[in-house]
Amino acid sequence: MARHLITSAIPYINGIKHLGNLVGSQLPADLYARYMRARGHEVLFLCATDEHGTPAELAAAKAGKPVAEYCADMHAVQARIADGFGLSFDHFGRSSSPQNHALTQHFAARLAEAGLIREVAEKQVYSHADKRFLPDRYIEGTCPNCGYDKARGDQCENCTKQLDPTDLIDARSAISGSTDLEVRETKHLYLRQSELKGELDAWIDSKRDWPILTTSIAKKWLHDGDGLQDRGITRDLDWGIPVRKGADPWPGMEGKVFYVWFDAPIEYIACAGEWAEATGQDDAAWERWWRTDKGAEDVRYTQFMGKDNVPFHTLSFPATLIGSGEPWKMVDHLKSFNYLNYDGGQFSTSQGRGIFMDQALGLLPADYWRWWLLSNAPESSDSEFTWDSFQNTVNKDLADVLGNFVSRITKFCRSKFGEAVPDGGSYGADEAALIAELTDRVARYSEMMDAMEVRKSARELRAIWACGNEYLQRVAPWSTFKTDPDQAAAQTRLGLNLAHLFGTLSAPFVPSASQRILESMRVEMTSWPDDVEAFLAQLPAGHSFDVPEVLFAKVTDDAREEWKARFSGAAPA
RNA sequence: GGCGUUAUAGCUCAGUUGGUUAGAGCGAACGACUCAUAAUCGUUAGGUCGGUGGUUCAAGUCCACCUAACGCCA
């Protein structure tokens with residue numbers, strides 16, 4: 001038994017995430033966590049909400065709530081939706097937790113002691129009306145290059161020219177519209193990650209089995225242009241973790257907070273602390289997952305994220321851990337994903353384009369979405385959601401191949417032998433061939449799951465389901481029954497055991513349906529079927545079962561068309 | 001402009017360190033079966049592996065250049 005620490009990139013607090021966000025991190029992380037648990041390994045699967053920063057403050061203001069209250073509410077909303085999707089976090093934490101405050105300040109102190117923090121004086125735009133410094137993108141004005149009047153302080157969206165806020169003509173706050181702006185000098189802390197460039201480079205080089213997507217992004221940031229740049233890790237905001245040197249004040253940094261990108265990854269660690277607290281355990285309980293001097297040296301740590309998060313996880317966060325000089329557990333495998341597009345374009349939160357997690361659950365059970373998303377995960381390149389593909393895939397794979405298999409074998413048995421596994425007959429060449437094929441396929445499926453090859457795993461699982469239908473078609477117990485009822489009984493017995501096998505193997509992908517299959521077969525989820533032959537003998541003659549209701553109702557053409565229209569992002573109804 | 005990813009049958013994609021007739025699922029056509037959510041199973045469908053030029057006894061699989069899509073950065 002191994003120990004697996006698994007984290008999903010933590011979703012930002014300001015709203016409900018869309019399916020693209022889901023498939024890029026939380027869902028594959030859940031797949032892996034469920035699989036590892038099913039194999040009998042010890043798993044700690046953590047996720048949290050990323051709560052700090054300007055967008056959270058603005059979203060709270062828009063909602064008319066204090067930011068702390070807004071974040072608490074949205075955390076509850078995201079937690080409920082995650083639960084709806086069957087995301088099996090051991091803990092769903094918050095980056096605003098006391099644990100993260102303490103840990104973030106601790107890391108900053110350690111980095112300062114190591115000489116890896118420097119102060120930089122910068123000029124930033126202050127808005128008197130908003131009583132705050134404005135990030136570049138929250139300043140609007142007329143582009144000096146093309147005259148577009150809604151250019152942002154970082155870039156003009158019309159002519160794409162890169163801008164400084166001070167370049168803008170008639171600059172105004174994007175928040176209040178106020179033009180009462182002032183350029184002020186302010187000091188910030190920078191993480192000198194360029195000092196660690198060599199170490200990070202060597203570390204990345206040692207990760208030969210990471211996805212190309214991951215290492216190519218990391219290498220680019222390390223070597224592109226002038227190489228790895230130092231990053232500001234503080235901001236002039238109210239909402240965040242106050243800049244302190246451990247428990248002590250940080251002279252000159254009063255009223256400032258750490259930048260969200262500094263504290264967010266630290267939440268992976270803090271979240272383990274939150275988990276320990278929530279489950280009534282002491283610090284040693286979480287430290288054995290995170291401190292290699294306190295029991296974590298045999299932990300295998302895997303992170304899941306979309307490609308936009310890779311630089312922070314391969315460079316900035318490791319720089320923080322290495323720079324601390326303390327024995328923190330570093331990531332062992334970093335599985336990254338490309339983007340999921342929606343029907344010819346990108347998912348868009350602002351334009352309401354695409355499908356959001358809460359809406360998805362309002363249409364169909366989570367298993368439908370899990371199956372489509374995982375079996376089409378954007379691993380090698382961006383992939384695209386279309387309603388036609390979704391309907392076709394879930395109807396064919398889930399309803400026709402898996403659902404119908406369980407249905408046909410249980411109903412056949414009920415009509416000929418009653419609702420218990422029939423006795424009599426024995427296995428012959430057909431059964432041996434089936435068991436041999438399944439042994440081979442289950443081994444390959446397990447290999448693919450170990451390797452986090454999501455699409456390939458899904459494909460292999462589907463092939464395993466198809467084996468059940470192929471077997472029934474080949475031996476045709478409905479025909480055998482007429483001439484040799486004992487032989488038909490043996491075939492049916494094997495068929496029912498196949499349902500048990502499928503229920504177990506499918507659990508990481510479609511946990512609810514798997515649960516229903518196992519319940520109707522009246523068995524608990526037990527061991528992983530490494531020995532297929534032995535596993536297929538677990539339901540003995542006489543074992544009673546129930547015929548389940550339809551496992552997967554099909555998506556109709558009418559529903560597909562209605563949803564396609566409803567989620568087009570065109571004129572809102 | 002720099003960099004990266006991708007470009008394989010109508011569609012979605014597999015194709016280990018280069019090596020016999022390039023594979024799967026879906027769709028399509030035909031056939032079988034009738035237990036089942038009109039579900040299933042089988043057979044077939046002949047794609048110059050984006051283009052050009054190289055390396056090699058041998059390249060979809062390595063190299064160079066080109067083209068296209070997407071993305072990141074400046």
Side-chain angles (χ1 to χ4, degrees), chain A residues 154-155 160-163 208-209 211-229 306-311 336-341 344-346 371-372 375-386 388-417 422 430 441 444 447-448 451 453-482 488 491-492 495-496 499 513 547-556:
Chain A
D154 55 346
Q155 184 179 30
T160 74
K161 183 176 174 57
Q162 301 286 310
L163 300 171
R208 307 303 303 179
D209 61 337
I212 294 170
L213 183 65
T214 303
T215 49
S216 68
I217 291 173
K219 283 293 185 181
K220 193 177 87 62
W221 280 60
L222 276 167
H223 300 296
D224 206 37
D226 297 328
L228 186 60
Q229 301 297 301
K307 59 185 172 186
D308 51 327
N309 275 330
V310 169
S336 56
F337 290 85
N338 287 285
Y339 293 140
L340 178 69
N341 291 319
Q346 297 193 336
W371 179 253
W372 190 90
S375 58
N376 291 281
E379 288 178 300
S380 57
S381 64
D382 291 355
S383 65
E384 176 165 316
F385 178 93
T386 64
D388 291 347
S389 165
F390 177 74
Q391 179 198 29
N392 188 54
T393 300
V394 298
N395 283 357
K396 194 74 191 168
D397 295 351
L398 298 181
D400 295 348
V401 177
L402 175 60
N404 184 51
F405 173 80
V406 176
S407 185
R408 68 192 295 202
I409 189 62
T410 52
K411 287 183 179 175
F412 175 76
C413 184
R414 179 174 62 184
S415 72
K416 304 298 186 205
F417 302 103
D430 285 321
R441 288 195 179 278
R444 200 149 53 220
E447 265 177 48
M448 290 300 112
E453 291 280 1
V454 177
R455 301 173 78 126
K456 289 179 182 173
S457 298
R459 189 206 291 200
E460 196 59 50
L461 179 58
R462 187 195 181 285
I464 288 169
W465 297 337
C467 283
N469 285 313
E470 290 165 19
Y471 171 72
L472 288 188
Q473 212 63 32
R474 186 162 59 245
V475 301
W478 47 90
S479 297
T480 317
F481 184 77
K482 296 169 188 166
Q491 293 162 346
T492 304
L496 291 166
V547 173
E549 293 301 305
V550 168
L551 285 168
F552 297 100
K554 292 200 192 189
V555 175
T556 64

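On the C1' atoms, B/rC62 is 16 Å away from B/rC49, given to the nearest whole Å. Remark: the separation of the C1' atoms in B/rC35 and B/rG19 is 47 Å, to the nearest Å. Taking atom P in both B/rA74 and B/rG60, the straight-line distance is 40 Å, to the nearest Å. B/rU17 and B/rA59 have their C1' atoms separated by 14 Å, given to the nearest Å. B/rG51 sits 24 Å from B/rA14 when the C1' atoms are compared, rounded to a whole Å. For the P atoms, the distance from B/rA7 to B/rU61 is 12 Å, rounded to whole Å. Spacing between B/rC11 and B/rA45 at atom C1', rounded to whole Å, works out to 15 Å. Rounded to a whole angstrom, the distance from the P atom of B/rG18 to that of B/rA24 is 25 Å.
Between A/Pro422 and A/Leu496 the shortest side-chain heavy-atom distance falls below 4.5 Å. Looking at heavy atoms from C-beta onward, A/Lys396 lies in side-chain contact with A/Arg462 at the 4.5 angstrom threshold. Between A/Glu384 and A/Leu340, the closest side-chain pair of non-hydrogen atoms is not below 4.5 Å. Here the side chains of A/Pro477 and A/Leu472 are in contact, with some heavy-atom distance below 4.5 Å. Side-chain contact check for A/Phe552 versus A/Val394: every heavy-atom pair is 4.5 Å or farther apart. Looking only at side-chain heavy atoms (C-beta outward), A/Asp430 and A/Gln491 stay at 4.5 Å or farther from each other. Contact check for A/Phe337 versus A/Asn309: no side-chain heavy atoms found under the 4.5 Å cut-off. Residues A/Thr492 and A/Lys416 fail the side-chain proximity criterion, which asks for heavy atoms closer than 4.5 Å.
Nearest-nucleotide positions on RNA chain B for A/Trp478 and A/Asn392 put A/Asn392 closer to the 5' end.
Within the structure, every side-chain polar atom (N or O) of A/Arg414 is placed at least 4.0 Å from both OP1 and OP2 of B/rC35. Within the structure, a side-chain polar atom (N or O) of A/Lys456 is placed less than 4.0 Å from OP1 or OP2 of B/rG15.
Across the protein-nucleic acid pair, A/Asn395 atom CG and B/rG25 atom P stand 19 Å apart, rounded to whole Å. Atom CD in A/Gln229 sits roughly 15 Å away from atom C1' in B/rC72 (whole-Å rounding). Atom OH of A/Tyr339 and atom P of B/rG4 are 18 Å apart (whole Å). Distance A/Gln391 CD to B/rG27 P: 11 Å, rounded to the nearest Å. Atom CG of A/Asp397 is separated from atom C1' of B/rC13 by 14 Å (rounded to the nearest Å). Here B/rU12 presents its P atom at 13 Å from CG of A/Asn341, a figure rounded to the nearest Å. Between A/Glu384 atom CD and B/rU12 atom P the separation is 8 Å, expressed in whole Å. The distance from atom CZ of A/Phe337 to atom C1' of B/rC72 is 19 Å, rounded to the nearest whole Å.
Relative ring orientation between A/Trp371 and A/Trp465 is described as tilted, the plane-to-plane angle lying within the 30° to 60° band. Note on ring orientation: taking the six-membered ring where Trp is involved, the planes of A/Phe385 and A/Phe390 are tilted (angle from 30° to 60°).
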Take A/Phe481 and A/Phe417 through the test ring-ring contact (aromatic ring centres under 6.0 Å, His included) and record every step on the way to the result. CA-CA 10 Å; A/Phe481 184 77; A/Phe417 302 103; 5.4 Å; yes
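Separation of atoms OG1 (A/Thr556) and CD (A/Gln391) is listed at 7.5 Å; rounding is to 0.5 Å. Taking CZ from A/Arg455 and CD from A/Glu379, the interatomic distance works out to 6.5 Å, rounded to the nearest 0.5 Å.
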Could you go through nucleotides 36-41 of chain B and list every protein N or O atom that sits under 3.5 Å from one of its N or O atoms, giving the distance for each pair?
unit_1 : atom_1 : unit_2   : atom_2 : d
B/rA36 : O2'    : A/Asn404 : OD1    : 2.3
B/rA36 : O2'    : A/Ser407 : OG     : 3.4
B/rA36 : N3     : A/Asn404 : ND2    : 3.2
B/rA36 : N3     : A/Arg408 : NE     : 3.2
B/rU37 : OP1    : A/Lys411 : NZ     : 2.3
B/rU37 : O2     : A/Phe552 : O      : 3.4
B/rU37 : N3     : A/Phe552 : O      : 2.8
B/rU37 : O4     : A/Leu551 : N      : 3.3
B/rU37 : O4     : A/Phe552 : N      : 3.2
B/rA39 : OP1    : A/Lys554 : NZ     : 3.4
B/rA39 : O5'    : A/Lys554 : NZ     : 2.9
B/rA39 : O2'    : A/Asp400 : O      : 3.3
B/rA39 : O2'    : A/Asn404 : ND2    : 2.6
B/rU40 : OP1    : A/Lys396 : NZ     : 2.8
B/rU40 : OP2    : A/Lys396 : NZ     : 3.4
B/rU40 : O2'    : A/Arg408 : NH1    : 2.9
B/rU40 : O2'    : A/Gln473 : OE1    : 3.1
B/rU40 : O2     : A/Gln473 : OE1    : 3.3
B/rU40 : O2     : A/Gln473 : NE2    : 3.0

With pairs defined as Watson-Crick or G-U wobble and both distances under 3.5 angstrom, please note down RNA chain B as a dot-bracket string, | for pairing with another strand. (((((((..((((.....[...)))).(((((.......))))).....(((((..]....)))))))))))).
For each nucleotide in nucleotides 5-10 of chain B, reading 5' to 3', give B when a protein heavy atom comes within less than 4.0 Å of its base, S when such contact involves only the sugar-phosphate, and - otherwise. SS----
